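Inspection log for the structure reproduced underneath, given as structure tokens.
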Amino acid sequence: MAGIDAFQVMDILARARELEAQGRSVVHMEIGEPDFPTPEPIITAGRRALAEGRTHYTPALGLPALREAIAAFYGERYGIAVAPERVVVTPGASGALLLALGVLLNPGEQVLLADPGYPCNRHFTRFLEGEAVAVPVDETTGYQLTAELVARHWGERTAAALIASPSNPTGTVIRRDELGAIAAAVAGRAGCLISDEIYHGLVYGERAISALEVSDDAFVINSFSKYFQMTGWRLGWLVVPDGYRRAVEKLVQNLFIAASTPAQYAALAAFEPATIAILEARRAEMERRRDFLLPALRELGFGVPVTPQGAFYIYADCSRFSDDSQAFCRELLEQAGVAVTPGADFGGYHSGRYLRFAYTTRMAQLEEGVDRLRRFLSR
Ligand SMILES: Cc1ncc(COP(=O)(O)O)c(C=O)c1O
């Protein structure tokens, strides 16, 4: 357990709630989940599933109809054929990450991942007695791994490289040519590529490229949490390369038995045109928020050298104000009433210089947050 860190953001959130209970107002820009409720067609399908008694286990790999719907989604969105047999329904992207790393890693083997990056990945790796190799990334590579970085950091014990595009905490995406080069670099070393695509769909501009478009050998992770706005339903999926299905099935049977049954029935409505229309309107709203917050933060003096093209995060250099972003976060919360996440949650590389802002709150709140920051920083 000494190798597993807690989320700092949870402490920030707890303190924010405490202040609110005392009557203080807090603008929440720390929360990493969409503020929108789950779209109505999904809720209706979930209610119907419960009323019809859909409360028993599903097959370990998931409801066949849902696996087919997910496979069909790759045809519609990305123009690629994915066999439903390769789709595994999981308890969130979290379950999918655990399964992918679980079937791939032997004790002592390494996984390359970007620092800054989503912290659970290095903890999953540690949990499986593997070793996370945090590769420092900066604005020169859009805070992402590249084929060149993969080649440079690959070692004898490296088994896999894990990427996330768009990334948490930076919102940056990997371009198609770079993604292809990364896949080739990993395959050329007989390794495995794991691609976390949980923020696909929440991209502002050209759509994000799936690793499945450049490789049939990648493990691709996605989720109903973010774009589909079903965080609390705990549902995601994993697309596995041919040859891994049975191994993953055995692991699901033992670790989870299956993903939540009512959630799977509800998710059948996630791909309906009426739901997609709601989600696309919300995506446009997220884009409006980014287009407000990004220039506002830059104008205040935060450094954001690479425009985040997706997710709902802005990873901002606050070194003009502080080189201890944890202490700065506490000050912002206590004195300005603005909650944000310190860089330390995402790794160790220059993390004291960074904050993550999440635009998971209404525009009026973002405007208020920026006003509070302006007043606080001009003191
Ligand atoms: C990059 C990334 N991957 C995976 C997850 C886990 O998501 P879930 O288990 O809700 O699908 C998150 C959650 O914030 C994330 O940011």
Side-chain angles (χ1 to χ4, degrees), residues 5-10 12-13 28-36 38 42 62 66 70 87-102 111 113-125 127 132 134 137 142-145 160-174 193-203 208 210-211 218-239 252 255-256 259-260 263-264 266-267 270 286 308-315 341 343 345-347 356-360:
D5 303 321
F7 273 141
Q8 314 257 354
V9 67
M10 297 319 271
I12 301 271
L13 186 59
H28 290 278
M29 294 200 264
E30 81 282 37
I31 296 176
E33 65 176 325
D35 51 323
F36 306 110
T38 298
I42 301 177
L66 184 58
I70 293 168
V87 177
V88 182
V89 181
T90 59
S94 307
L97 282 160
L98 184 59
L99 291 171
L101 291 166
V111 182
L113 29 83
D115 177 354
Y118 180 61
C120 301
N121 295 332
R122 61 175 194 277
H123 297 142
F124 279 134
T125 305
F127 184 61
V137 292
Y143 300 100
Q144 290 281 7
L145 289 184
L162 198 164
I163 54 175
S165 167
S167 134
N168 177 6
T170 66
T172 53
V173 303
I174 302 179
L193 178 64
I194 305 173
S195 177
D196 181 349
E197 304 183 352
I198 185 170
Y199 293 104
H200 273 218
L202 290 172
V203 173
S210 170
F219 281 73
V220 168
I221 284 151
N222 208 322
S223 174
F224 289 96
S225 287
K226 311 289 171 152
Y227 175 65
F228 295 99
Q229 292 149 27
M230 295 178 67
T231 41
W233 298 77
R234 308 308 305 128
L235 202 65
W237 72 84
L238 171 66
V239 181
V252 179
L255 293 184
F256 318 119
S260 153
Q264 292 190 64
M286 284 291 190
Q309 289 157 289
F312 29 65
Y313 306 118
I314 297 175
Y315 195 59
T341 307
D345 260 0
F346 309 100
R356 187 193 72 176
F357 291 82
Y359 40 97
T360 47

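Fair warning: this is a prediction, and the values are worked out from it, not measured in the lab. Positions are given from 1 along the sequence. We use all heavy atoms of the structure for the numbers below, so side chains are in, but hydrogens, waters and symmetry mates are not. Start at 1 and go down the list; that is how both ligands and their atoms are numbered.
When all heavy atoms are compared, the tightest approach of Pro91 to Ala259 is N-CB, 4.0 Å.
Only one option out of Leu13, Thr360, Ile12 pairs with His28 in a side chain to side chain contact (heavy atoms under 4.5 Å, CB included); it is Leu13.
Scored by the ring-ring contact (aromatic ring centres under 6.0 Å, His included) test, Phe346 finds no partners at all (sequence neighbours excluded). Under the rule for a side-chain contact (heavy atoms from CB on, under 4.5 Å), the partners of Ala218 that lie at least two apart in sequence or sit in another chain are Leu193, Ala211, Ser215, Val220. For Phe228, the ring-ring contact (aromatic ring centres under 6.0 Å, His included) partners are Phe73, Phe224, Phe271, not counting sequence neighbours.
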Pairwise, report which nitrogen or oxygen atoms of ligand 1 are under 3.5 angstrom from protein nitrogen or oxygen atoms, and how far apart they are.
residue: ligand 1; atom: 3 (N); partner: Asp196; partner atom: OD2; Å: 2.6
residue: ligand 1; atom: 9 (O); partner: Ala93; partner atom: N; Å: 3.3
residue: ligand 1; atom: 9 (O); partner: Ser94; partner atom: N; Å: 3.0
residue: ligand 1; atom: 9 (O); partner: Ser94; partner atom: OG; Å: 2.5
residue: ligand 1; atom: 9 (O); partner: Arg234; partner atom: NH2; Å: 2.8
residue: ligand 1; atom: 10 (O); partner: Ser225; partner atom: OG; Å: 2.7
residue: ligand 1; atom: 10 (O); partner: Arg234; partner atom: NH1; Å: 2.9
residue: ligand 1; atom: 11 (O); partner: Ala93; partner atom: N; Å: 2.7
residue: ligand 1; atom: 11 (O); partner: Ser223; partner atom: OG; Å: 2.6
residue: ligand 1; atom: 11 (O); partner: Ser225; partner atom: OG; Å: 3.1
residue: ligand 1; atom: 14 (O); partner: Lys226; partner atom: NZ; Å: 2.7
residue: ligand 1; atom: 16 (O); partner: Asn168; partner atom: ND2; Å: 2.8
residue: ligand 1; atom: 16 (O); partner: Tyr199; partner atom: OH; Å: 2.7

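Between Phe7 and Tyr118, the ring planes are tilted. Angles from 30° to 60° get that label.
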